[in-house]
K.L.:
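I have a structure I would like to understand better, so I am pasting it below and will then ask my questions one at a time.
Convention: sequence-line order gives letters A, B, ...; per-chain numbering from 1.
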Amino acid sequence: MDKDFRIAHGQAHQETPTQAPDIGRRLRELRKMYGFSQRELAKRAGVTNGTISLIEQERISPSIGSLKKVLDGFPINMTDFLTLDLTPNRKVFYGEKDMKEIAGGDPISFKLLGKDTRGRAIQMMHESYKPGADTGEEMLAHSGEECGIVISGEMVLTVGGETRLLQAGEAYYFDSRLPHRFRNLGKTSCVIVSACTPPSF
DNA sequence: CTGCAATTCCGAGATGATCA
DNA sequence: TGATCATCTCGGAATTGCAG
């Protein structure tokens with residue numbers, strides 16, 4: 001019977017709740033994200049509000065069965081519940097002042113989404129190349145993969161010996177280990193929105 | 001003495017009512 | 001609305017009884 005396999009081992013009442021993977025705190029944050037009261041969630045899950053309260057306070061360690069019932073009140077599965085970043089103060093939205101210029105700005109501008117990419121799987125940038133801008137004869141090459149979409153203007157992109165003129169609306173995707181070079185040979189600035197993984201800046 | 005089933009005890013989760 | 005409390009329920013551990 002899964003009912004007897006407790007999420008937190010040992011004496012939940014006496015020992016520190018850090019043994020458990022933050023069940024209570026996670027449940028409370030998830031519930032608030034969805035804007036449910038304890039009673040509302042209890043009704044959706046088919047348990048009592050007292051149970052929700054006790055779980056959130058980590059005064060009980062719910063069985064697998066009852067935790068699953070509670071999670072049925074949300075569109076989330078057990079794995080996501082235990083692994084999702086529910087930190088309430090994580091940054092989601094970025095204004096222009098939150099973008100970090102990492103290429104000097106003239107003639108090439110790379111505005112990095114977020115000033116700190118540590119812990120991220122994706123690096124995203126707003127790139128701008130003035131007419132004549134060139135990443136240089138010395139080809140770029142680094143580990144990872146990158147892709148981008150030309151928003152305006154045009155870009156001559158060389159990847160692994162292959163060259164192509166990309167215009168607004170066109171895009172690229174390549175293994176960053178291949179030698180590559182970006183050149184704006186057009187008459188207007190070229191704007192690209194790009195992504196790279198893992199982050200290289 | 002050993003092995004097994006039945007019974008009892010106890011701890012912890014869940015409930016429903018109530019409080020602040 | 002969230003927290004608390006008395007009570008209920010359930011399952012594991014311990015104990016008991018009995019046959020072989």
K.L.:
Measure from NZ or CZ of Lys32(A) to the centre of the six-membered ring of Phe36(A) and say whether it is under 6.0 Å with the direction within 45° of the ring axis.
P.N.:
no

K.L.:
What's the separation between atom CZ in Arg26(A) and atom CD1 in Ile55(A), rounded to the nearest 0.5 Å?
P.N.:
15.0 Å

K.L.:
When you measure from the side-chain N and O atoms of Arg59(A) to the phosphate of dG13(B), is any distance below 4.0 Å, counting only OP1 and OP2?
P.N.:
no

K.L.:
Do any side-chain nitrogens or oxygens of Ser37(A) fall under 4.0 Å of OP1 or OP2 in dT1(C)?
P.N.:
yes

K.L.:
Rounded to whole Å, how long is the line connecting atom CD of Gln38(A) with atom P of dA14(B)?
P.N.:
14 Å

K.L.:
Quickly work out the Lys43(A) NZ to dT1(C) C1' distance and round it to whole Å.
P.N.:
15 Å

K.L.:
From CD of Gln57(A) over to C1' of dT1(C), roughly how many Å is that when rounded to an integer?
P.N.:
13 Å

K.L.:
Over how many whole Å does the gap from Leu41(A) atom CG to dA14(B) atom P extend?
P.N.:
13 Å

K.L.:
Take the protein atom CD1 of Ile55(A) and the nucleotide atom C1' of dT4(C), then report the distance between them rounded to whole Å.
P.N.:
16 Å

K.L.:
Taking the six-membered ring for Trp and the full ring for Phe, Tyr or His, determine whether the centres of Phe74(A) and Phe81(A) are under 6.0 Å apart.
P.N.:
no

K.L.:
For a quick check, with a 4.0 angstrom heavy-atom cut-off, what is the B/S/- contact string for nucleotides 15-20 of chain B, read 5' to 3'?
P.N.:
BS-B--

K.L.:
Among side-chain atoms of Ser176(A) and Glu146(A), is any donor-acceptor pair under 3.5 angstrom?
P.N.:
yes

K.L.:
So, are Glu170(A) and Arg164(A) salt-bridged, with charged N and O less than 4.0 Å apart?
P.N.:
yes

K.L.:
Say whether Glu162(A) and Thr158(A), considering side chains only, have a donor N or O and an acceptor N or O under 3.5 Å apart.
P.N.:
no

K.L.:
Starting at CD1 of Ile60(A) and ending at P of dC5(C), how long is that distance when rounded to a whole Å?
P.N.:
15 Å

